[in-house]
2 protein chains.
Amino acid sequence: MALKYALLCSLHESSATGYELTQRFRERMGNVWNASHQQIYRELGKLLDAGLLEVETVHQTDRPDRKLYRINAAGETALAEWVNLPAKRPAVRDPMLLKMFAGDLMDPNAFSRELVRNRVEWERQLAEYRAIEEEFFSHPQQLPRHYQLQYLALRRGIMGLQTWLAWAGEVEEAL
Amino acid sequence: MALKYALLCSLHESSATGYELTQRFRERMGNVWNASHQQIYRELGKLLDAGLLEVETVHQTDRPDRKLYRINAAGETALAEWVNLPAKRPAVRDPMLLKMFAGDLMDPNAFSRELVRNRVEWERQLAEYRAIEEEFFSHPQQLPRHYQLQYLALRRGIMGLQTWLAWAGEVEEAL
DNA sequence: CCTCATTATGCAACTTGTTGCATATACTAG
DNA sequence: CTAGTATATGCAACAAGTTGCATAATGAGG
């Protein structure tokens with residue numbers, strides 16, 4: 001059910017094509033929701049069938065036509081309803097942590113290399129989020145409520161990555 | 001693919017019934033892997049068919065028979081292979097954070113109540129993990145490698161919950 | 001006495017997410 | 001000149017996860 005609302009949320013902010021939504025889920029919303037383009041295109045079709053979206057085909061000569069999706073009144077209603085329902089805590093399924101439960105079978109060097117790769121990735125992500133923070137949210141006190149909550153979601157992303165990095169430090173020290 | 005290895009990991013530690021595995025995924029491994037009993041029983045059947053497990057039916061007169069699953073040599077081999085492959089980072093899909101992207105549709109009181117409910121849950125979990133830490137890992141320096149890595153996975157759980165609580169503090173202060 | 005929680009297993013239907021493939025053009029780097 | 005990246009969409013098959021239901025006995029609490 002929830003990808004549906006992730007798309008409605010994003011389109012509620014501003015209309016977009018499937019391609020643009022894919023990018024948002026990778027970038028600005030990467031911290032909050034992930035989905036592949038295949039999944040997104042499929043779900044957009046369903047939402048259109050369900051009458052929660054409108055679509056406008058923007059013709060292009062050089063590239064495939066863009067389909068610009070826009071949330072409509074029914075979509076807004078559905079979204080507003082969902083937003084005020086309590087959300088489920090997401091399930092945890094982390095294969096790397098899982099491997100640590102069979103640590104006696106693990107090659108220490110392979111694991112160290114994996115940690116380093118992850119650390120690089122976490123640092124890259126953190127730098128990205130920090131850049132968004134500086135660009136859009138340098139004065140969080142003055143933000144309208146809408147953006148204040150988005151800012152707090154971003155803060156969650158930043159704190160989460162800092163925790164991963166701190167944990168990686170503990171692990172490297174212990175090994 | 002990965003529930004398969006989660007079960008092999010857990011059975012690699014010690015043989016168990018589906019019921020016990022369900023409990024482990026809720027308790028000691030809750031931080032690392034979640035799965036419902038339905039999913040677990042189904043997957044145990046597949047692993048048995050694939051020849052990675054053995055099963056022994058323990059008769060009980062008062063209750064349904066227990067089926068005790070044990071990992072076999074083929075299972076150990078498969079697990080050892082998987083453990084040394086790099087793991088994928090899990091996808092992020094958090095409905096609560098998602099809602100914050102449509103913050104203008106949100107009832108502030110409903111959200112505050114939700115935050116408080118989550119905070120209570122995070123605190124409860126944290127207390128549980130801390131209890132495990134004290135019981136089993138009071139002298140982490142002296143642990144054999146196998147348990148040292150499990151301890152570090154638990155540390156990750158503790159740090160993750162602390163971060164959620166710190167974030168909740170930031171949110172409450174901001175609102 | 002009755003209901004609820006615990007132990008213990010599982011099927012069936014459904015929804016969600018992944019993987020592999022396909023198409024088509026323009027621009028950039030080597 | 002050729003390979004790769006970016007734009008832009010999508011189908012089909014498959015794997016994984018959820019939800020609802022079913023069975024069956026014991027013990028505890030009201």
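Proteins get letters first, then strands, A, B, ... in listed order; numbering begins at 1 in each. The basis for the numbers below is simple: all heavy atoms, side chains too, and nothing from hydrogens, waters or symmetry mates.
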Please report the distance, rounded to the nearest Å, between CZ in B/R93 and P in D/dT18. 11 Å
Donor-acceptor pair, side chain of A/N84 and main chain of B/M106, under 3.5 angstrom: no
Check: A/T22 side chain, A/G18 main-chain N or O, donor-acceptor pair, under 3.5 Å: yes
For B/Q23, answer base if it contacts any base atom (sugar-phosphate contacts may also be present), sugar-phosphate if it contacts only those atoms, and nothing otherwise; contact means non-hydrogen atoms under 4.0 Å. sugar-phosphate
Any N/O donor-acceptor pair, A/R42 side-chain to C/dG17 base, under 3.5 Å: yes
Whole-Å distance, A/E27 CD to D/dA6 C1', equals 12 Å
Quick one: does any side-chain atom of A/K99 pair with a main-chain N or O of B/L85 as donor and acceptor, under 3.5 Å? yes
Across the strands shown, which category fits B/K88 at heavy-atom distances under 4.0 angstrom: base, sugar-phosphate, nothing? sugar-phosphate
Can you name the nearest heavy-atom pair linking B/H12 to B/I71, along with the distance? CA-CG2, 4.1 Å
C/dT6, C/dT18, D/dG10: which one has an atom nearest the side-chain heavy atoms of B/Y19? C/dT6
Just how far, in rounded Å, is C1' of D/dA6 from CZ of A/R26? 10 Å
Rounding to an integer number of Å, can you tell me how far B/E56 CD sits from C/dA8 P? 14 Å
Is the shortest side-chain N/O distance from B/T17 to OP1 or OP2 of C/dT9 below 4.0 Å? yes
Using whole Å, what does the distance between atom P of nucleotide C/dT18 and atom CD of A/E43 come to? 13 Å
Determine the interplanar angle of the A/Y5 and A/W82 rings, folded into 0 to 90°, and report it as parallel if under 30°, tilted if 30 to 60°, perpendicular if over 60°. parallel
Touch check for A/K4, heavy atoms < 4.0 angstrom, all strands: base, sugar-phosphate only, or nothing? nothing
A/D65 CG to D/dG10 P: how many Å, rounded? 10 Å
Rounded to the nearest Å, what distance is computed from the NE2 atom of residue A/H37 to the C1' atom of nucleotide D/dA12? 14 Å
Any N or O donor-acceptor pair under 3.5 Å from the base of D/dG20 to the side chain of B/Q38? yes
Among the nucleotides C/dG17, D/dG17, D/dT9, which one has an atom lying closest to any side-chain atom of A/Q39? C/dG17
With nearest nucleotides of DNA chain C determined for B/E20 and B/A91 from heavy-atom distances, which residue corresponds to the more 5′ nucleotide? B/E20
For D/dT7, take OP1 and OP2 only and decide whether either is under 4.0 Å from a side-chain N or O of A/Q60. no
Below 4.0 angstrom from OP1 or OP2 of D/dG10, is there any side-chain N or O of A/K67? yes
Select one nucleotide: of D/dG17, D/dT18, D/dA8, the one nearest the side-chain heavy atoms of B/W33. D/dG17
d(OH, A/Y41; C1', D/dC11) in whole Å: 13 Å
